[in-house]
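Read the structure below first, then the notes.
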Amino acid sequence: METSFRISKLSAYYGPKEAVRNVNMEISKKSVTAVIGPSGCGKSTFIRCLNRMNDLVTGFHIKGEILYDGKDIYSDDSDVIDVRRRIGMVFQKPNPFPKSIYENIVYGLRIQGINKKDILDKTVEESLNKAALWEEVKDRLHTSALQLSGGQQQRLCIARAIATQPEVILFDEPCSALDPIATAKIEDLITELKKEYTVIIVTHNMQQAARVSEHTGFFMLGELIEFDTTQKIFTTPSNKMTEDYITGRFG
Amino acid sequence: METSFRISKLSAYYGPKEAVRNVNMEISKKSVTAVIGPSGCGKSTFIRCLNRMNDLVTGFHIKGEILYDGKDIYSDDSDVIDVRRRIGMVFQKPNPFPKSIYENIVYGLRIQGINKKDILDKTVEESLNKAALWEEVKDRLHTSALQLSGGQQQRLCIARAIATQPEVILFDEPCSALDPIATAKIEDLITELKKEYTVIIVTHNMQQAARVSEHTGFFMLGELIEFDTTQKIFTTPSNKMTEDYITGRFG
Amino acid sequence: QVIKIDGSSTVYPITEAVAEEFQKAEKGKIKVTVGISGTGGGFKKLCNGETDISNASRPIKPSEVELCKKKGIDYIEIPVAYDGIAILANPKNNWVDYLTVKELKKIWEPEAQVKITKWNQIRPTWPDKEIHLFGAGVDSGTYDYFTEAIVGKEHSSRGDFTSSEDDNVLVQGIATDSLALGFFGVAYYEYNKDKLKLVPIDDQNDSNGKGPILPEYDNVVKGAYQPLSRPIFIYVNKKSADKPEIQRFIDFYMKNGGQLSKEVGYVALPALAYELGFKRFEKRITGSVFGGHGSQVGVKIEELLQRE
Amino acid sequence: MHKQFQWIKERIIEGVLFLSALFSIFVTIGIVAVLFFETYEFFKEVSIVDFLTDTQWTPLFDEKHFGILPLFAGTFLTTIIAIAVALPIGLISAIYLSEYASARFRTAVKPALEVLAAVPTVVYGYFALLFVTPILQKIIPGLSGFNALSPGIVMGIMITPIVASLSEDAMHAVPMGLREGAYALGATKFQVAARVVVPAAFSGIAASFILGISRAVGETMIVAIAAGQQPRLTLNPLVPLETITAYIVQVSLGDTPTGTIEYKTIFAAGMSLFVVTFVLNIVSYWLRKKFREVYE
Amino acid sequence: MDRKLLNKWIDRAFYIIGLSVTLIGVVILLTLILDIFVDGVSRLGWQFLTSYPSRKPEEAGILSAWVGTLWIILLTGLIAFPLGVMAGIYLEEYAKKTWLSNLIEINIANLAGVPSIIYGLLGLGLFVRALAFDRSVIAGAATLAILVLPIIILSTREALRAVPFSIREASYALGATRWQTIQSQVLPAAMPGILTGTILAMSRAIGETAPLITIGALTYVAFLPTSPISSEFPYITIQGLFDAFSVLPIQIFNWVSRPQKGFFEDAAAGIIVLLIITFIMNGIAVWLRHRYQKKVRW
Ligand SMILES: Nc1ncnc2c1ncn2[C@@H]1O[C@H](COP(=O)(O)OP(=O)(O)OP(=O)(O)O)[C@@H](O)[C@H]1O
Ligand SMILES: Nc1ncnc2c1ncn2[C@@H]1O[C@H](COP(=O)(O)OP(=O)(O)OP(=O)(O)O)[C@@H](O)[C@H]1O
Ligand SMILES: [Mg+2]
Ligand SMILES: [Mg+2]
């Protein structure tokens, strides 16, 4: 399998505080990689390094190297806009724009200069369908996205990320605000997506990790404790800490 | 068992939009009642009626009656401040105040005029312990609560709600931002709490409902489809829709 | 074609009136603007070549003569009216019948500060009550002239009186205070007769009228209301004077200025003075008849103009 | 190619934005340059020690003193009175509008308050002199017809809408979730406002205060009309006094010959005012930085 | 129990205090306006709006003054609004913490506190004299523009700061550039706040007297600036920018300091017109704010 990300000796800092420490990892293309671990262990920090989202946090900096498609995304000649366009993201808290549902979805296209109404309309319907939201909102595409419930908002954000057809999609606990039905749909969608896209998903739900991913990384206190195929991690983890966590024995 | 809430013919509206329709329900004291249902079904709306939290939304109004301890909490001589003091709440999105961790916890006491340092200190430690957060933050009680991770923030909000020792605690998907370890702790805590408090919990996690609650109500499209003991709901639901939802068959 | 005028707020009403009528007469072909930036500010602009004409409530002073010389600007001085300074009390004041110049000096000189605070200190027959003083703003031509005429030295006066550049504010002050005594331009008295009591002044010099005299039209023109009436001026930039529109404007000003200044509450100069003024302009006689030293007290304007 | 273009466009936009921000520096340089030249001339003739320590300001009198202190005292006093009126009223109104009032009431009242800020200050000056002073004279016997109290109060009324409107904006921006958190603990509206919303909106409120104060310091026409024009080293609000700004208009409108020392005083006074506001603003800037609480 | 009652009592009391304090502001406004209205209403009329100033109070009008005010305010807005918003955006969204951006920031906070009369001195020295704009519309507008600039910058920054960071994150994650994020998400969300600040700033500019007195705005002007639209080719002219002007506050200031009673009425009528212009401006702003706001409450 081809490699998408090759991460070596990655450490990440908020000012002096080390949030991720010396992570080495290789992420395959067109597969789902899950990142699990207890709260505060640096999962979000790690995944946000992958599309340079943390560039926006003042005082944040990394050490080490992240190669995407063989190119260092943190090198000087790498274009952060381009990185983010190719590596989409869905966040932990839903963050719809204070605009209509329709405008939320097409925003990614508009900023690429795509304004043809038929393309936009098509994209909106497709993306919302994939995000299992179409039926619920199709009559009110032009009302404010802020009036949706939490779960609806998050699905909207997923639809929005899909709409621009990135190469990689990063999910940071995308389902933490969703009910099981919507969650199942999203999980199906992720399985669908990996045919074309590389997917990396942070989740606190181990069942979810087990269900959707091929590879799983287990983080604790900023360190990558174990990284292997999901099957191995969930059946015969080589690290004691991983096992304890998986079986719900520590904490 | 004594009755805490007696809800009759409750309908709730956002302006003209009906979000909850004709709910009848009786909630027992010192037990855990779970509210489940798909996204957007009105769970949050329902639970926010119980402590008149929705009074803050302009255009919101209810029909029907909610008796708490035999008194109509929406009657003219009922005191909304008092209602909220006796019926605490933890929200879906963590909402710590932009103050120190310590000040977040003691806020509820301070507004009651309690300012003695030893009482406050004691409360802070106890509440944080119960919320499984003490170990992580005890060295930085006076740093801003906004620097905590999402999960830590939510646990802080739980600690904050406990600190004022209400009679009822409403949880609106309190664990949706938490990892399994913290979730387990909170579930333990809820089991602990019901010895003294009445607990109502909205959750999208059916396992959670099954684990912690004595009674479960299943909502769909604003209606209470079925309300019974948790055991009955999860083993022999009388309604087809409940069964389908529980077994993950529809959606 | 715009004629730019600026300067004293005291002269402003007259020039405004002239400008208004002039533009009507010219059917709007020549535009006139009039600003208020004070006599000092006006001279600064004139000497910078920013304006054609400057309104001045006092003759030009040495530092301004210097400034104009530096910038190579010559100017023609033309008096346009008299401004009388009125001495006023509250109508409830029933003891003040008149004041002599000596008494005024006693009240206003710097030495009086803190010392002269009661009416009976001025004349023993007057009540043993406080005296509350009001005066034109210390940066106004009125104040300049008042101190020169009464105390004998410009800007030399006590400091503990209430002053304002806005005479309406003073009207208000005196009208509501029964112990008040103040001075300001006579035009403001004209329009507030019901609220104020005008005090006649005796300069104890019988050659220009015997006994206490009021600042009435005849008295001022005759030079009997002494020493509290002063001429006010316009200064024309000599370079501008060659423009036809300026010539027409000055011509108009000299023909109608007397009538218009009466209308807006000032005292017109004798007709001869306007003729002489216009001649000065025609002949382009530059410089000040006051020799560039500022105010002089008790001068007859025709006499000055004829010196040339 | 498109990317290249986009990159260049971004840089150009950033450059233009940067220049706009830099423009403010040019404004300051302009102010300092304009003031400095004449001030320099002024201090060639007047010793800076006299300027700062002499207790009399009489440049327009025959016997000249150039002590700026009386003008400072006047400015200080009127400002204190104004902010004593405006800060409480402005903040209370803001809290009321943001936390208590119905949306309809707010949308009706806010623009009305904003109009208060638009009434020309000349009008306020006469309002102080002809309306407020007589009323105050009935309450406080011995109050002089010109005094610091009346214009101070009216100035306070004038800056209240600034404080109220900007503070209200800042409070309005506080996330609803924070309020809910507090209400759920049984807080009253007042407690939510005072202990959660106000601290969370602190930086915005502080900004509105600073704007209000600096407006009071710089306000000219009200004090020029209603405070009298007697420079006096006093903190008694009942007697006439003069502020720095009032002095500057007095001379700008007056008959003082240009180029003289009297004329230069306005630049020296202006420069002092500039320096004082500069120092004040830097202090408040750091204060604001220190207290600012960031929320998301 | 006591405490609960006390809290409730405080809350009630505050409701009443808050309402009355807010209403006091409105009542003062009404008193002031009513008083002015009574004085000036008799002079209001077509003749008043279409006449030039005159020595006779009953013939005087404010044509040149209100047209001048309109010119000045439009031009001030045109200069200050884009400049202020751009500077605000730079400082809030772009500037890194360098000594220069710190300096700019402190400097702007400081400029907001510089008394208006000092801007007058600057306008006189820079626009009127150095740039030789003379006392033209453009000199007045430029002076007022730099006067209101810091206020617009500050309120722009406050408004931008109130936009949640998660909105920016969402946009960046879709591959938006910084400018795209600002232009299409942050700025629209912040617009209500920016507009409020700008309106307050412009309201201030419209009533400002002292700096215009200092730059020497004219009192008697019996003509209008050249209209920007002309009947001859090229149909648009900026000649008007360089014409002399007067504005309402100056005209009012002049009238109130005249001795004749009639001018007091003219002044009152002038104030009414000034207030009406402000009302219209605020009305437009409220409408704009409303259009943008669409219930944005995070
Ligand atoms: N902006 C920030 N500044 C400083 N510290 C931060 C910041 N964001 C996160 N941290 C800290 O970095 C550590 C890792 O945080 P991170 O958000 O990556 O955890 P997480 O694994 O995503 O947790 P959760 O499951 O609760 O979302 C935590 O201790 C957190 O407090
Ligand atoms: N403030 C509001 N104004 C108008 N409609 C609202 C408002 N809040 C919620 N709704 C609507 O009311 C319905 C019920 O929403 P509610 O938030 O109670 O659902 P929920 O069951 O809590 O969903 P979730 O599991 O996603 O949180 C939804 O259709 C939602 O769009
Ligand atoms: Mg996280
Ligand atoms: Mg919900």
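Bear in mind the structure is a predicted one, so any value in this text is a computation, not a measurement. Below, each value reflects all heavy atoms present in this structure, side chains not excepted, and no hydrogens, waters or symmetry copies. So you know, we letter chains A, B, ... as the sequences are listed, proteins then strands, and number each from 1.
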From [X] atom [atom1] to [Y] atom [atom2], the distance as rounded to the nearest 0.5 Å:
X: D:E10; Y: E:T177; atom1: CD; atom2: OG1; result: 3.5 Å
X: E:S20; Y: D:I92; atom1: OG; atom2: CD1; result: 8.5 Å
X: D:F18; Y: E:I89; atom1: CZ; atom2: CD1; result: 15.5 Å
X: E:L126; Y: D:I31; atom1: CG; atom2: CD1; result: 10.0 Å
X: D:S24; Y: E:I108; atom1: OG; atom2: CD1; result: 4.0 Å
X: D:K189; Y: E:R12; atom1: NZ; atom2: CZ; result: 10.5 Å

E:N7 vs D:T188, side-chain hydrogen bond (donor to acceptor under 3.5 Å, both in side chains): CA-CA, chis, key distance, verdict: CA-CA 7 Å; E:N7 280 343; D:T188 60; 5.9 Å; no
Let me know if [X] has heavy atoms under 4.5 Å from chain E in its side chain, its backbone, both or neither.
X: D:F23; result: side chain
X: D:F267; result: side chain
X: D:T220; result: side chain
X: D:I244; result: neither
X: D:I13; result: side chain
X: D:L35; result: side chain

D:Y96/E:Y15 aromatic ring centres below 6.0 Å: yes
Least distance between heavy atoms, E:P115 atom then D:G218 atom: CB-CA, 3.4 Å
Nearest atoms (heavy-atom pairs only) where E:I118 meets D:G270: CD1-O, 3.2 Å
Step-by-step side-chain contact (heavy atoms from CB on, under 4.5 Å) determination, E:Y90 to D:L22: CA-CA 10 Å; E:Y90 179 81; D:L22 201 62; over 6 Å; no
Counting only non-hydrogen atoms closer than 4.5 Å, does [X] touch chain D with its backbone (N, CA, C, O), its side chain (CB onward), both, or neither?
X: E:L124; answer: neither
X: E:Q180; answer: both
X: E:I271; answer: side chain
X: E:L111; answer: side chain
X: E:I104; answer: both
X: E:I151; answer: side chain

Partner of D:S93 under side chain to side chain contact (heavy atoms under 4.5 Å, CB included), chosen from E:L19, E:I24, E:V21: E:V21
Qualifying residue, where the test is side chain to side chain contact (heavy atoms under 4.5 Å, CB included) with E:T22 and the options are D:T160, D:I95, D:I89, D:V109: D:V109
Residue D:F105 excluded, over 12 heavy atoms near CZ under 6.0 Å: yes
Neighbour count above 12 (heavy atom, 6.0 Å) for E:F37 CZ: no
Donor-acceptor pair, side chain of D:D169 and main chain of E:G193, under 3.5 angstrom: no
Options D:E219, D:Q191, D:E14, D:M271, ranked by heavy-atom pairs under 4.5 Å with chain E, top entry: D:E14
Among the listed options E:L122, E:I146, E:L30, E:I17, the residue most often paired with chain D at heavy-atom distances under 4.5 Å: E:L122
Which of E:R178, E:M202, E:K8, E:M86 touches chain D most, by non-hydrogen pairs under 4.5 Å: E:M86
side-chain contact (heavy atoms from CB on, under 4.5 Å) between D:Y247 and E:I117, intermediate numbers included: CA-CA 11 Å; D:Y247 178 77; E:I117 193 148; over 6 Å; no
